Q: 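Pasting a structure below so you can have a look.
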There are 2 protein chains.
Amino acid sequence: MIRAVPSRRDAIADDLRRQISTGHFKAGERLPSEAQLATRYTVSTPTLRSALALLQGEGLVEKIHGNGNFVRRPLRRITYLGGVAEPPTWATFSAPLRVTTRTASIEAYNHLPTLLNVRPGSPLTEVLHIAHEGKTPHSLARIYTPHDLTLADPPAATPSPEQIAVCWAGPRPLAEVQERLSARLPTQEEATALRISASLAVLSLTRVVTDATGRVVEVALMVLPGDRADALFTTRLMTEKRSSKE
Amino acid sequence: MIRAVPSRRDAIADDLRRQISTGHFKAGERLPSEAQLATRYTVSTPTLRSALALLQGEGLVEKIHGNGNFVRRPLRRITYLGGVAEPPTWATFSAPLRVTTRTASIEAYNHLPTLLNVRPGSPLTEVLHIAHEGKTPHSLARIYTPHDLTLADPPAATPSPEQIAVCWAGPRPLAEVQERLSARLPTQEEATALRISASLAVLSLTRVVTDATGRVVEVALMVLPGDRADALFTTRLMTEKRSSKE
DNA sequence: GAGTGGTCTAGACCACGAG
DNA sequence: TCGTGGTCTAGACCACTCA
């Protein structure tokens, strides 16, 4: 009702979407140049580019500067399985992922002291995970552990490809896992690391694991692009046993 | 590294952000017209508008066609509390919300038959909740219940303002709550209903409640704008019993 | 170097909102 | 009616990629 007549941009985006879904433009293929498309649709380049920006935000098209616009190979949709009590030192996904890992020693700064409940400047171990599907990056995780809790040796191997190591802290009695989720647009760095448009919404997941003494053992910051990932929490209800507090 | 020199757009957006955060432009105030701002920054109108689009996507500015650009009054940030077992017929938030409700009888279509596991065309009760903070809409929920499970009378009152009725199904032995979250951009309708920019990411939450017989009792679709809401799931671990498999 | 996308201009014209 | 934002044009020039 706001606009009965679709704008040129929307009309072009719809047409391109259709051509991609019908296979007229195939996955991985390069679209005609923006100048050509602009001529074909008899619009100016800024208008055509704004139509492409819509497809980009949906994850259908990837722009590569100086090279062209490419139809994105549809990525496998994965689900982060939340509320998993055991083992809480792993993050579990619904499908295998190839993960590359990079470890560094850093000092707590910005929001990290608050999250980990340590003094600013405290030594932390940072582990950066990038999950790949084929050659394209899929999602991203940064894990922080107090340095004195970090194992000298990384865990031998991921128990299964669906799980990525989220915590290298030694085995301790853990007490609580908190998972906070929000939706936002990616930062510049996240967008380039994941090769996604700055206008593609991401699911931002912060996972805080506390041990029995109340000490924060691990904080994991995960970035899951909205076009390829979601999160699932399952709660089973104890109907016979009503043990809820407060 | 991609662009050492910030673009005009980013520079202008940064400057406006600063002026908003320092109170030079106050909450609720109308910004100078786009033409004036363009002159002040010596850029063309499209460039200035693209800068405003950034602030819009961050929820800092609300554009009102034919009226002006307004600094958004910062909204209270609320947290949806997930994994709440009892009572599962309510959604719990971290702060009170004023909620308006509209009920309708509809038939299952599109994705609803799958979600509710009913035949297409089955009668459903749809409840639309819009939570407000002051005069501005805050978030949105659509709840679907099989018509034969719907109570004749709506629940007398919300037990507390933090909880909104999500299910009108009569008291039954419930078995499972599944909450699936994803990040995306709002649809056109959601954007206008919530008066948010189409480029402000929203947290989309689908909550499915199943009874002991496996029948789906309720499906709730919630839309939580990313600039004002997140979701929190807390899992407590049973440390005495280590039943980890594999 | 040739071709691609990235940014920006200086307008034009339309649609909406308030008085 | 007037001032606002919404859309669009037809270029220009720069930055990047690949051969």
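By convention in this document, chain letters (A, B, ...) are assigned in the order of the sequence lines, proteins followed by strands, and residues within each chain are numbered from 1. Since this is a predicted model, take the numbers as computed values, not measurements.
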Q: Which residues pass the side chain to side chain contact (heavy atoms under 4.5 Å, CB included) test with B:T22, not counting sequence neighbours?
A: B:R18, B:H24

Q: Using a strict heavy-atom distance below 4.0 Å, which residues from residues 27-40 of chain B are in contact with DNA chain D?
A: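 Close to the strand are B:S33, B:E34.
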
Q: Given atom OH of A:Y41 and atom P of D:dA10, what is their separation to the nearest angstrom?
A: 18 Å

Q: Grab the CZ-P distance between A:R9 and D:dC8 for me, whole Å please.
A: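 One finds 7 Å between P of D:dC8 and CZ of A:R9, rounded.
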
Q: Between A:G66 and A:V43, just flag the one whose closest nucleotide in DNA chain D comes earlier from the 5' side.
A: A:V43

Q: Measure the spacing between CG of A:L60 and CG of A:L16 and express it to the nearest 0.5 Å.
A: 10.0 Å

Q: Do B:N69 and B:L52 touch side chain to side chain, with heavy atoms closer than 4.5 Å?
A: yes

Q: What's the closest nucleotide to the side chain of A:H65 if the choices are D:dA15, D:dG5, C:dT9?
A: D:dA15

Q: Are the side chains of B:Y41 and B:Q36 in contact, using a 4.5 Å heavy-atom criterion?
A: no

Q: So if I take every side-chain heavy atom of B:K63 and compare against D:dG5, D:dA10, C:dC8, which nucleotide ends up nearest?
A: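 The answer is D:dG5.
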
Q: In whole Å, what is the span from the CD1 atom of A:I64 to the C1' atom of C:dG6?
A: 15 Å

Q: Within the structure shown, what part of the strands sits under 4.0 Å from A:T45 by heavy-atom distance: base, sugar-phosphate, or nothing?
A: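 Answer is base: heavy atoms of A:T45 come under 4.0 Å of a base.
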
Q: Could you measure the distance from the CD1 atom of A:I78 to the NE2 atom of A:H138? Nearest 0.5 Å is fine.
A: 4.5 Å

Q: Separation of A:R49 atom CZ from D:dC8 atom C1', in whole Å?
A: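 In whole Å, D:dC8 C1' lies 15 Å from A:R49 CZ.
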
Q: Other residues, nucleotides and ligands only: do more than 12 of their heavy atoms fall within 6.0 Å of CZ on B:R73?
A: no

Q: B:T47 side chain N/O closer than 4.0 Å to the phosphate oxygens (OP1, OP2) of C:dT9?
A: yes

Q: Mind calculating the distance between CZ (B:R8) and P (D:dC14) to the nearest angstrom?
A: 14 Å

Q: Looking at B:N67, does any N or O in its side chain come under 4.0 Å of the phosphate oxygens OP1/OP2 on D:dG3?
A: no

Q: Can you tell me the distance, in whole Å, between the CG atom of A:L48 and the P atom of C:dG5?
A: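 One finds 9 Å between P of C:dG5 and CG of A:L48, rounded.
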
Q: Just the rounded figure in Å: distance from P of D:dT17 to CZ of A:R195.
A: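 After rounding, the reported distance stands at 12 Å.
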
Q: State whether a side-chain donor-acceptor pair under 3.5 Å links B:T47 with B:S44.
A: yes

Q: Please answer whether the main-chain N or O of B:H132 pairs with a side-chain N or O of B:T136 as donor and acceptor at a distance below 3.5 Å.
A: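 Side chain of B:T136 to backbone of B:H132, a donor-acceptor pair under 3.5 Å: no, none is there.
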
Q: Which angle, rounded to 10°, do you find between the first-five-pair axis and the last-five-pair axis of the helix from C:dG1-D:dC18 to C:dA18-D:dT1?
A: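 The angle separating the two end axes equals 10°.
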
Q: Starting from P on D:dC16, measure out to CZ on A:F70 and report it in whole angstrom.
A: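 Value for this atom pair: 17 Å.
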
Q: Would you kindly say whether A:T79 and B:R180 are connected by a side-chain donor-acceptor distance under 3.5 Å?
A: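 Distance-only check passes for A:T79 and B:R180.
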
